[in-house]
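Convention: sequence-line order gives letters A, B, ...; per-chain numbering from 1. If you're wondering where the values come from, they're calculated on a predicted model, not measured in any experiment.
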There are 2 protein chains.
Amino acid sequence: MSDTAHILKKHHLRQTNCRQQMIAHFSAHSYALAHSELEQALSEFDRVTIYRTLYTFLEKGIVHKVLDDAGATRYALCAHCTEHQHHDEHVHFKCMQCQTVQCIDTISIPNIQLPQGYSYIDSNFLVRGVCRQCNQL
Amino acid sequence: MSDTAHILKKHHLRQTNCRQQMIAHFSAHSYALAHSELEQALSEFDRVTIYRTLYTFLEKGIVHKVLDDAGATRYALCAHCTEHQHHDEHVHFKCMQCQTVQCIDTISIPNIQLPQGYSYIDSNFLVRGVCRQCNQL
DNA sequence: TCCATTATGCAACATTGTTGCAAATAATGT
DNA sequence: ACATTATTTGCAACAATGTTGCATAATGGA
């Protein structure tokens with residue numbers, strides 16, 4: 001069974017063309033994808049289907065949301081998420097030159113001490129800078 | 001001279017009704033405001049004017065962008081920003097109950113060590129949880 | 001008060017995201 | 001292989017968010 005088929009099966013999702021291709025597309029890219037990029041790359045599917053598939057993947061813990069400083073939400077494959085809980089406490093890095101956003105799995109988000117009375121659910125850490133590839137130009 | 005007038009003068013901006021009221025509105029709220037909230041509160045002004053004023057304020061370092069996990073961008077007054085550089089390395093806290101996003105000035109973003117080859121510009125740290133007010137219900 | 005510059009309002013449009021419903025498809029059991 | 005059922009998809013329509021061009025109005029300085 002292919003990798004993409006396996007991921008779908010693991011999460012009790014039906015094997016559909018759109019889902020398989022979306023997972024394949026995520027796997028083929030090391031950076032977070034915005035809806036618009038998926039729409040362009042997978043133009044045989046309807047915009048709405050892509051939105052709904054992203055939503056399904058989010059729910060099941062297949063992808064996680066990546067905040068960007070410029071409007072559109074991006075998504076990236078989860079490494080360790082489950083249907084019950086996302087575990088994405090890693091840093092997201094946005095390169096201001098090539099505009100890509102990637103997950104930096106090697107740095108975990110430092111623990112912070114919230115003020116009295118605040119409780120913690122999760123967090124999202126976006127670092128902006130210039131990535132290795134762009135720095136070497 | 002009023003506070004709002006002073007802020008505009010400091011940044012060499014003309015004193016206009018919309019700008020003054022926007023700054024006043026920001027000052028009156030301890031949490032980050034989305035465009036839609038400003039539009040509702042300042043309905044005498046055009047949507048476009050509010051967008052452009054936000055853009056101007058961003059440029060001048062009067063407000064900073066606050067990332068939210070749900071679509072729309074929010075903005076909050078800067079404490080220490082200038083036209084030349086934003087200094088917003090504090091934590092933003094989103095309460096999942098009342099949905100407000102506030103700046104937590106008392107916690108600064110911990111320094112993180114990026115992988116080799118990456119350079120740092122700035123960062124944006126969003127913590128999701130439940131705020132003090134909502135926890136006390 | 002006049003003038004040059006800048007800001008605003010309006011219209012039009014582009015992008016992003018959502019909802020309802022009918023037709024197509026996937027999984028299941030026979 | 002086929003029929004049944006539940007789910008997914010495509011389409012249409014819409015809502016929300018964000019952008020651009022241009023004529024008019026307002027601001028600040030001479």
**Q** I need a per-nucleotide contact map over nucleotides 25-30 of chain C, read 5' to 3'. Cutoff is protein heavy atoms under 4.0 Å; write B for the base, S for backbone only, - otherwise.
**A** -BS---
**Q** Can you tell me the distance, in whole Å, between the CZ atom of A/Phe57 and the C1' atom of D/dT8?
**A** 12 Å
**Q** Applying side chain to side chain contact (heavy atoms under 4.5 Å, CB included), can you list everything that pairs with A/Thr49, at least two apart in sequence or on another chain?
**A** A/Cys18, A/Asp46, A/Thr53
**Q** Among all residues two or more places apart in sequence or in another chain, which pass the side chain to side chain contact (heavy atoms under 4.5 Å, CB included) test with B/Ser27?
**A** B/Ile23, B/Leu77
**Q** What's in the same ILVMFWY side-chain cluster as B/Val48, cut-off under 4.5 Å, chained through other members?
**A** none
**Q** Quick one: does B/His64's side chain have a donor or acceptor within less than 3.5 Å of a partner on B/Ala76's backbone?
**A** yes
**Q** Could you pull out all residues at least two apart from B/Thr4 that satisfy side chain to side chain donor-acceptor pair (under 3.5 Å)?
**A** B/Ser2
**Q** Are any side-chain N or O atoms of B/Arg19 and backbone N or O atoms of B/Arg14, one a donor and one an acceptor, separated by less than 3.5 Å?
**A** yes
**Q** What is the distance, rounded to the nearest whole Å, between atom CG of A/Leu8 and atom P of D/dT7?
**A** 16 Å
**Q** Excluding sequence neighbours, so at least two apart, what forms side chain to side chain donor-acceptor pair (under 3.5 Å) with A/Ser119?
**A** B/Asn135
**Q** Which residues satisfy the side chain to side chain donor-acceptor pair (under 3.5 Å) test with B/Gln116, sequence neighbours excluded?
**A** none
**Q** When the ring centroid of B/Tyr118 is compared with that of A/Phe93, is the distance short of 6.0 Å?
**A** yes
**Q** Just N and O in the side chain of A/Thr73: are any of them under 4.0 Å from OP1 or OP2 of C/dT16?
**A** no
**Q** How is the hydrophobic cluster of A/Tyr51 composed, in terms of its other members, when Ile, Leu, Val, Met, Phe, Trp and Tyr link through side-chain heavy atoms under 4.5 Å apart, directly or indirectly?
**A** none
**Q** Can you check the B/Gln20 CD to D/dA26 C1' distance for me, whole Å?
**A** 13 Å
**Q** Between A/Gln21 (CD) and D/dT9 (P), how many Å, whole number?
**A** 11 Å
**Q** Using a 4.0 Å cut-off on heavy atoms, which residues in residues 26-35 of chain B reach DNA chain C? List them by number, or say none.
**A** none
**Q** At how many degrees, to 10°, do the end axes of the helix from C/dT1-D/dA30 to C/dT30-D/dA1 meet when each uses five pairs?
**A** 30°
**Q** Rounded to whole Å, how long is the line connecting atom CG of A/Leu54 with atom P of D/dT8?
**A** 14 Å
**Q** Run the salt-bridge test on A/Lys65 and B/Asp69 with the 4.0 Å N-O cut-off and return the result as yes or no.
**A** no
**Q** For the side chain of B/Arg128 and the backbone of B/Met96, is there at least one donor-acceptor N/O pair under 3.5 Å apart?
**A** no
**Q** Just to be sure I understand the geometry, which residues of residues 36-53 of chain A put a non-hydrogen atom under 4.0 Å away from DNA chain C?
**A** A/Ser36, A/Arg47, A/Val48, A/Tyr51, A/Arg52
**Q** Whole-Å distance between D/dT7 C1' and A/His12 NE2?
**A** 16 Å
**Q** Apart from A/Val66 itself, which Ile, Leu, Val, Met, Phe, Trp or Tyr residues share its cluster (side-chain heavy atoms under 4.5 Å, direct or through members)?
**A** A/Leu67, A/Val101, A/Leu126, B/Val66, B/Leu67, B/Val101, B/Leu126
**Q** Roughly how many Å is it from CZ in B/Arg19 to P in D/dA26, rounded to a whole number?
**A** 15 Å
